[in-house]
Trainee: 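After the structure tokens below, expect a handful of questions from me.
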Amino acid sequence: MRPAESPMVMQAESIRGTMEGRKTKTRRIVTAANTLWDGHPMPRDVWPQLELSSAWVDPGPSPAGNLGPYLKARRHVDGDELVHRLYCRTQPGDLLWVRETWSPDHRNVYPCIPVVYRADRTAPKPDEYREHVRGCRYEESGLPHAECLKCAGFRWRSPRFMPKSAVRLWLKVEAVGVERLQDLTEEDAVAEGVRRWSGGRWKCFEQDALAHETPIAAFECGWDKINGHRPGCSWSDDPWVWVLTYRMLEPSEVQAEREAACTR
């Protein structure tokens, strides 16, 4: 049987950290979309009834032999208290193909490259090209300016629209855990890609104006930049998260992993 393959969106900083070998873990908020309910897809009417605030971690295995850890959450239905097991959809051995901000619309800018990625520092920075280069179009000539990416038809595309054929980064999941977000340790923060900067201080994103005293403080800042606007998902909300430990695969390894899984 082939290993399960699923997409995962990553920010540019996380992609660079993964490709440099600094980032080997990622935390994903527990949601109905990435969670199995007693081993089955989550029913729409069940998720709102689960009492996640009082949930707890069971190291496993379950009575059916399913490996843990997993969450156990209560649900009250018609006066009865039910306890359910919540599993991450992604399991050890699964393959993840990473979706990122990309562009195929660059033929006049990078004619020899089939796809360009925003995470690469050689790719154009969109903030510099929101408007035409000054004076790039005159009514007298109507000619496009060679340095204007808008004239060249360049545009970034959302990771959601990246096809599998354009993916360059594959990951193999080696371990899956579940915990509260604030259970993060300093070692976890470093494994999440947080880096030490000058003066012994820490940053989650290179472009952050301020560095922090500890890796955890840097991770907190980076987490809230991405998730702080979502209700119940900020650092202070301390949501449940799936913790995925992974390693990056070389292109040749992807097919090898598929073939090895088929022979098991």
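Being a predicted model, the structure only gives us computed values, none of them experimental. We're numbering straight along the sequence, starting at 1.
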Trainee: Could you name each residue pair satisfying ring-ring contact (aromatic ring centres under 6.0 Å, His included) that touches residues 177-203, not counting sequence neighbours?
Mentor: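 Residue pairs with at least one partner in residues 177-203: there are none.
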Trainee: Any salt bridge between Arg89 and Glu5, counting N to O under 4.0 Å?
Mentor: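 Answer for the salt bridge query: no.
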Trainee: Please identify each residue that fulfils salt bridge (charged side-chain N to carboxylate O under 4.0 Å, His left out) with Arg74, with sequence neighbours left out.
Mentor: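 So Arg74 forms a salt bridge (charged side-chain N to carboxylate O under 4.0 Å, His left out) with Glu81.
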Trainee: Could I get the full list of side-chain hydrogen bond (donor to acceptor under 3.5 Å, both in side chains) partners for Arg157, not counting sequence neighbours?
Mentor: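 Here the qualifying residues are Asp105.
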Trainee: SG of Cys221 to NE2 of His212: how many Å apart, nearest 0.5 Å?
Mentor: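 Output value for this atom pair is 4.0 Å.
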Trainee: Got a sec, which residues hit side-chain hydrogen bond (donor to acceptor under 3.5 Å, both in side chains) with Glu51, two or more places apart in sequence or on another chain?
Mentor: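 With neighbours one apart ignored, the set is His76.
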Trainee: Do Asn34 and Thr31 come close enough that some side-chain heavy atom pair is under 4.5 Å?
Mentor: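 Heavy-atom side-chain distance check passes, below 4.5 Å.
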Trainee: Once ring pair (Phe, Tyr, Trp, His ring centres under 6.0 Å) is applied, do any residues pair with Trp47, and if so which ones, sequence neighbours excluded?
Mentor: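 Listed in chain order: nothing, the list is empty.
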Trainee: Could you tell me the separation between the NZ atom of Lys172 and the CZ atom of Arg247, rounded to the nearest 0.5 Å?
Mentor: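 Reported value, rounded in 0.5 Å steps: 5.5 Å.
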Trainee: Nearest heavy-atom pair of Ala119 and Arg168: which atoms, and what distance?
Mentor: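 Heavy atoms only, the tightest pair is CB-NH2, 3.8 Å.
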Trainee: Report the residues that fulfil ring pair (Phe, Tyr, Trp, His ring centres under 6.0 Å) with His84, sequence neighbours left out, ordered by chain and then residue number.
Mentor: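 If we apply the ring pair (Phe, Tyr, Trp, His ring centres under 6.0 Å) test to His84, skipping adjacent residues, the hits are Trp37.
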Trainee: Take the angle between the ring planes of Phe219 and Trp235 and call it parallel below 30°, perpendicular above 60°, tilted in between.
Mentor: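 Answer is perpendicular, since the angle exceeds 60°.
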Trainee: With sequence neighbours left out, what residues match Thr24 under side chain to side chain contact (heavy atoms under 4.5 Å, CB included)?
Mentor: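 Side chain to side chain contact (heavy atoms under 4.5 Å, CB included) check on Thr24 returns Ala191.
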Trainee: Mind checking salt bridge (charged side-chain N to carboxylate O under 4.0 Å, His left out) for Glu186 and listing every partner two or more places apart, or none if nothing turns up?
Mentor: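 Testing Glu186 for salt bridge (charged side-chain N to carboxylate O under 4.0 Å, His left out), a comparison that skips the adjacent residues, returns none.
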Trainee: Other than Val83, which residues form its hydrophobic cluster under the rule that side-chain heavy atoms must be closer than 4.5 Å?
Mentor: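 Its cluster mates, by chain and number, are Trp56.
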Trainee: Who passes side-chain hydrogen bond (donor to acceptor under 3.5 Å, both in side chains) against Arg27, sequence neighbours left out?
Mentor: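 With sequence neighbours excluded, Arg27 shows a side-chain hydrogen bond (donor to acceptor under 3.5 Å, both in side chains) to Glu179, Asp188, Glu192, given in chain and number order.
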Trainee: List for me each residue that meets side-chain hydrogen bond (donor to acceptor under 3.5 Å, both in side chains) alongside Thr245, sequence neighbours excluded, and say none if there are none.
Mentor: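 In terms of side-chain hydrogen bond (donor to acceptor under 3.5 Å, both in side chains), with neighbours along the sequence ignored, Thr245 is linked to no residue.
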Trainee: Do the side-chain N and O atoms of Tyr117 and Ser103 include a donor-acceptor pair separated by under 3.5 angstrom?
Mentor: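 No pair is found: no donor N or O on one side chain lies under 3.5 Å from an acceptor on the other.
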Trainee: Please list every donor-acceptor pair under 3.5 Å in which a side-chain atom of residues 225-232 meets a protein atom from a residue at least two apart or in another chain.
Mentor:
residue : atom : partner : partner atom : Å
Lys225  : NZ   : Asp208  : OD1          : 2.3
Asn227  : OD1  : Arg230  : NH1          : 3.1
Asn227  : ND2  : Trp223  : O            : 3.4
His229  : ND1  : Ile226  : O            : 3.4

Trainee: Going by atom types only, do Thr26 and Arg28 share a side-chain donor-acceptor pair under 3.5 Å?
Mentor: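 On atom types as modelled, these side chains qualify, holding a pair under 3.5 Å.
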